Amino acid sequence: MATEIVLRVRQYNLAGTLDSGQAFRWQQVDDSWQGVVGAHAVRLRQTPEGLEARTQAPVAHWDWLRHFLQTDLDIAAVLQTFPADEPMRQAVAACPGLRLLRQEPWECLASFILSSTKQIVQIRQIVARLCEQFGEPCQGDARPCPSRAFPTPERIAAATEQELRDCKMGFRAPSLLAAAREIADGTLDLEKIRTLDYAGARAELMKLRGVGGKIADCVLLFAYGFDGAFPVDVWIERALQELYFPRRRASEKRLRHFAATHFGPHAGYAQQYLFHYMRTRSNPAAGPVAKTKPRTNEKS
DNA sequence: GCCCAGGTGAAGC
DNA sequence: GCTTCACATGGG
């Protein structure tokens with residue numbers, strides 16, 4: 001049993017990865033990142049050797065952490081499959097070592113149900129309230145700040161809509177409640193999703209209220225490892241429009257088709273680099289990003 | 001105050 | 001098929 005390990009890994013940008021809008025429970029504390037993986041409260045730190053991890057309570061092994069962080073993935077091999085165009089080159093250069101995590105499906109699904117038309121900072125706040133309210137405390141001494149596991153579907157299913165709304169999730173509360181109930185009563189089997197192909201898995205998730213194509217793709221990519229899933233949100237739509245179709249307005253359907261054919265077998269990875277690039281390329285001190293509202297056929 | 005946010009679903013044409 | 005709108009809430 002141990003509480004510390006160093007995971008030797010290269011080309012891993014821990015801060016970029018934990019802060020890139022795929023997971024919502026990681027908080028920077030000094031030079032470390034504090035979060036919860038399953039039932040484990042853990043603190044991570046980037047070192048020259050790799051990633052140093054410290055858990056709140058002793059653990060028998062570290063497979064759960066390697067899996068979550070995907071430290072065994074050959075990122076160089078993934079990058080080689082990206083199209084050799086200028087936007088991708090810049091996106092990768094903007095955050096070398098950016099990775100995809102492999103999250104627990106329920107937590108990922110629930111988090112992204114809560115994500116719609118919310119800024120990432122607000123999603124974090126809602127998820128934090130939800131965990132504080134309904135999550136089981138993690139083992140070990142949690143001072144100074146309490147750490148809790150993500151609440152189970154059963155626990156959420158047992159809550160009232162008003163209790164969920166009290167976590168400030170607004171109109172997303174009925175969707176979260178319905179999803180929790182379907183999983184708790186076995187109507188939806190999140191483990192079975194693993195056995196389906198991409199289209200089948202996506203269709204299965206989209207049966208849930210409040211889960212459309214975008215959220216389904218996020219869950220397929222961030223929790224199930226469908227690398228071809230390519231979530232298109234407002235940032236990615238803007239990225240594709242500006243970087244690949246600068247002269248004419250492309251329909252959403254056209255953008256989706258382009259995304260599905262241009263970025264290769266690890267399109268989801270490419271998407272994450274583009275997303276992070278778009279979100280961070282503007283200098284906050286220089287003011288907001290120029291928001292060009294999509295127009296119908298700008299005259300050049 | 002105003003605009004927008006890792007959207008979705010329903011209603012209108 | 002496409003466009004518009006409501007839906008809660010809060011950051012900037």
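First the proteins, then the strands, lettered A, B, ... as listed; each starts at 1. Quantities reported herein were computed from a predicted structural model and do not represent experimental measurements.
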Over all strands shown, is [X] touching base, sugar-phosphate only, or nothing at heavy-atom distances under 4.0 angstrom?
X: A:Val232; result: nothing
X: A:Phe24; result: nothing
X: A:Ser111; result: nothing
X: A:Lys214; result: base
X: A:Glu252; result: nothing
X: A:Ile126; result: nothing
X: A:Thr117; result: base
X: A:Gly21; result: base
X: A:Leu208; result: sugar-phosphate

Are a donor atom and an acceptor atom from the side chains of A:Gln22 and A:Ser20 found within less than 3.5 Å of each other?
yes
Cut-off 3.5 Å, side chains only: do A:Tyr198 and A:Asp217 have a donor facing an acceptor?
yes
Check whether any side-chain N or O of [X] sits under 3.5 Å from a backbone N or O of [Y] as a donor-acceptor pair, and report yes or no.
X: A:Tyr269; Y: A:Thr81; answer: no
X: A:Arg172; Y: A:Ser116; answer: yes
X: A:Trp106; Y: A:Pro151; answer: yes
X: A:Gln133; Y: A:Leu130; answer: no

Identify which one of A:Leu221, A:Ile75, A:Leu69 satisfies the side-chain contact (heavy atoms from CB on, under 4.5 Å) criterion when paired with A:Leu100.
A:Leu221
In this structure, how many angstroms lie between the [atom2] atom of [N] and the [atom1] atom of [X], rounded?
X: A:Phe171; N: C:dA8; atom1: CZ; atom2: C1'; result: 6 Å
X: A:Asp217; N: B:dG6; atom1: CG; atom2: C1'; result: 12 Å
X: A:Leu130; N: C:dT9; atom1: CG; atom2: P; result: 15 Å
X: A:Ile123; N: B:dC4; atom1: CD1; atom2: C1'; result: 13 Å
X: A:Arg124; N: C:dT9; atom1: CZ; atom2: C1'; result: 17 Å
X: A:Leu101; N: B:dG6; atom1: CG; atom2: P; result: 18 Å
X: A:Met169; N: C:dA8; atom1: CE; atom2: P; result: 13 Å
X: A:Gln162; N: C:dA8; atom1: CD; atom2: C1'; result: 12 Å

Rounded distance in Å between the [atom1] positions of [N] and [M]:
N: B:dC3; M: C:dA6; atom1: P; answer: 14 Å
N: B:dA10; M: C:dA8; atom1: P; answer: 15 Å
N: B:dG6; M: C:dT3; atom1: C1'; answer: 22 Å

Stacked pair A:Trp235-B:dG6, distance under 5.5 Å, angle under 30°
no
Output the single nucleotide from [options] whose closest atom is nearest the side chain of [X].
X: A:Gln122; options: C:dA8, B:dT8, B:dA5; answer: B:dA5
X: A:Val121; options: B:dG6, C:dG11, B:dA5; answer: C:dG11
X: A:Phe112; options: B:dG7, C:dA8, B:dG6; answer: B:dG6
X: A:Lys168; options: B:dG7, B:dG6, C:dT9; answer: C:dT9

If you take atom types as modelled and just measure distance, does the side chain of A:Lys118 reach the base of C:dT9 with a donor-acceptor pair under 3.5 Å?
yes
Heavy-atom donor-acceptor pair, A:Gln125 side-chain to C:dG11 base, under 3.5 Å
no
Using heavy-atom distances to pick each residue's nearest nucleotide on DNA chain B, tell me which of A:Val211 and A:Gln271 is more 5'.
A:Gln271
Taking only side-chain nitrogens and oxygens of A:Arg172, does any of them come within less than 4.0 Å of OP1 or OP2 of C:dA8?
no
State whether A:Gln272 places a side-chain N or O below 4.0 Å from either non-bridging phosphate oxygen (OP1 or OP2) of B:dG6.
no
